[in-house]
Amino acid sequence: MTSTLMRIDPGRIRDLHDTLLDRHGPQRWWPGHSAFEVLAGAILVQRTRWENAARALEELDREGLLLPGRLAACPPGNVESLIRPAGFYRQKAARLRAAAAWWQGEGGLGRMAQMSTGDLRERLLGLDGIGPETADCILLYAFDRPLFIADAYARRLFARLGWIEPGGRGTYERLARAVNGTVHEGARFFNELHALIVTHGKSVCSDTPRCDGCPLRPRCPAGELHS
DNA sequence: ACCCAGGGTCATA
DNA sequence: TATGACCATGGG
């Protein structure tokens with residue numbers, strides 16, 4: 001067992017949350033939307049700016065397709081043309097339709113709300129186009145399950161803070177397990193934390209893992225989070 | 001004409 | 001296990 005750097009503890013995570021909240025304010029991601037729309041958005045936003053995914057969602061909503069039954073029954077070509085602004089539209093259209101059919105097969109929101117987080121996560125991972133990060137986003141934002149989203153922004157920030165090794169192995173699952181295993185907060189906390197980390201990540205330079213010599217911002221504000 | 005964005009899958013070695 | 005190719009549009 002190699003001693004890999006992993007300085008994760010509840011105090012640090014809460015401090016990070018408070019610091020980012022103070023700096024950026026409440027983010028309120030995915031408020032007032034249906035659980036299924038959250039799932040659709042989670043697929044559409046993959047490797048895509050949220051603004052473009054949101055356009056696709058609006059198009060789908062305009063056609064009344066943000067309902068599992070309607071979406072599953074919609075011809076693939078129609079879905080493709082509607083979500084084009086989100087990119088990867090052929091893949092995403094197929095995945096959306098498959099997810100919609102799956103949603104119905106699971107018996108809807110009421111049925112899935114009864115399932116354990118682990119069970120639900122396994123089923124989500126069984127779907128085409130839903131990996132660890134997308135599954136956790138759906139679990140957190142659609143099903144209110146308390147999970148840390150160890151996405152690229154979180155890993156980059158943690159690396160800059162010296163909490164993890166830059167470019168470590170088992171990137172997503174490794175950090176996710178480390179945080180979920182030691183930080184016991186509610187879904188509300190993780191919801192805001194993830195949104196804050198992403199917002200913060202976009203507000204600073206994207207040079208990774210450190211900012212020395214960054215052409216955009218020589219001194220990345222992320223370093224200030226120590227204090 | 002580049003580069004990248006709130007990933008995931010599949011083929012290689 | 002770990003890279004690389006691929007998916008595709010929109011904005012800088």
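It should be emphasised that the depicted structure is a prediction, and the values quoted were computed from it without experimental measurement. Lettering of chains follows the sequences in order, A, B, ..., and the numbering in each one begins at 1. The figures that follow rest on heavy atoms only: side chains count, while hydrogens, waters and symmetry mates do not.
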Asks: Tell me: OH of Tyr172(A) to C1' of dG7(B), nearest whole Å?
Replies: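 One finds 11 Å between C1' of dG7(B) and OH of Tyr172(A), rounded.
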
Asks: Reading nucleotides 4-11 of chain C 5' to 3', which nucleotides get B (base under 4.0 Å from a protein heavy atom), which S (sugar-phosphate only), which -?
Replies: ---BBSBS

Asks: On a whole-Å scale, what distance lies between the P atoms belonging to dG6(B) and dT1(C)?
Replies: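 Going atom to atom, P in each nucleotide, I get 29 Å.
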
Asks: For the side chain of Thr48(A) and the backbone of Ala86(A), is there at least one donor-acceptor N/O pair under 3.5 Å apart?
Replies: yes

Asks: Is there a path of hydrophobic side-chain contacts, each under 4.5 Å between heavy atoms of I, L, V, M, F, W or Y residues, that connects Leu65(A) with Leu67(A)?
Replies: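 No, it is not one cluster - the side chains of Leu65(A) and Leu67(A) are not joined through contacts under 4.5 Å.
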
Asks: What distance, rounded to whole Å, do you find between the two P atoms, one in dA1(B) and one in dA8(C)?
Replies: 22 Å

Asks: Answer yes or no: is there a donor N or O on one side and an acceptor on the other, between the side chain of Tyr141(A) and the main chain of Asn191(A), under 3.5 Å?
Replies: yes

Asks: In whole angstroms, how far is the C1' atom of dG8(B) from the CG atom of Asp136(A)?
Replies: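 To the nearest whole Å, that distance equals 14 Å.
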
Asks: When the nearest nucleotide of DNA chain B is assigned to Leu125(A) and to Glu51(A) on a heavy-atom basis, which residue is associated with the more 5' position?
Replies: Glu51(A)

Asks: Would you say the side-chain atoms of Glu185(A) pair up with the backbone N or O of Ile13(A), donor to acceptor, closer than 3.5 Å?
Replies: no

Asks: Is the shortest distance from a Lys or Arg side-chain nitrogen in Glu133(A) or Arg155(A) to a carboxylate oxygen in the other one below 4.0 Å?
Replies: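 Salt bridge between Glu133(A) and Arg155(A), a charged N being under 4.0 Å from a carboxylate O: no.
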
Asks: Identify whether any heavy atom of Ile149(A) sits under 4.0 Å from a base atom; if not, whether one sits that close to sugar-phosphate; answer base, sugar-phosphate or nothing.
Replies: nothing

Asks: Identify whether a stacking contact exists between Trp29(A) and dG6(B), where the ring centres must be under 5.5 Å apart and the planes under 30° apart.
Replies: yes

Asks: Would you mind checking if Arg55(A) and Glu58(A) are paired as a salt bridge, meaning a charged N to carboxylate O distance below 4.0 Å?
Replies: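 Here Glu58(A) does not pair with Arg55(A) in a salt bridge, since their nearest N and O are not under 4.0 Å apart.
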
Asks: To the nearest Å, give me how far apart CZ (Arg174(A)) and P (dT1(C)) are.
Replies: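 In whole Å, dT1(C) P and Arg174(A) CZ are 12 Å from each other.
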
Asks: Write down the distance separating the C1' atoms in dC7(C) and dC4(B), rounded off to the nearest Å.
Replies: 15 Å

Asks: Rounded off to whole Å, could you give me the CG-to-P distance for the Leu124(A) and dG8(B) pair?
Replies: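 After rounding, the reported distance stands at 11 Å.
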
Asks: What contact category does Ile197(A) fall into here, base, sugar-phosphate, or nothing, at under 4.0 angstrom with non-hydrogen atoms?
Replies: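 Since no nucleic acid heavy atom lies under 4.0 Å of Ile197(A), the category is nothing.
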
Asks: Between Glu133(A) (CD) and dT9(B) (C1'), how many Å, whole number?
Replies: 15 Å

Asks: Can you check the Asp128(A) CG to dG7(B) C1' distance for me, whole Å?
Replies: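 Value for this atom pair: 12 Å.
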
Asks: Can you measure Phe148(A) atom CZ to dG6(B) atom P for me and round it to whole angstrom units?
Replies: 16 Å

Asks: Leu96(A) CG to dG7(B) P: how many Å, rounded?
Replies: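 So the two atoms are 15 Å apart, to the nearest Å.
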
Asks: Mind checking who dA1(B) pairs with, Watson-Crick or G-U wobble, both distances under 3.5 Å?
Replies: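 Pairing partner, where one exists within any strand: none, as none qualifies.
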
Asks: Verify, without hydrogens or angle tests, whether Lys92(A) (side chain) and Ile83(A) (backbone) share a donor-acceptor contact under 3.5 angstrom.
Replies: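 It does not hold such a pair.
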
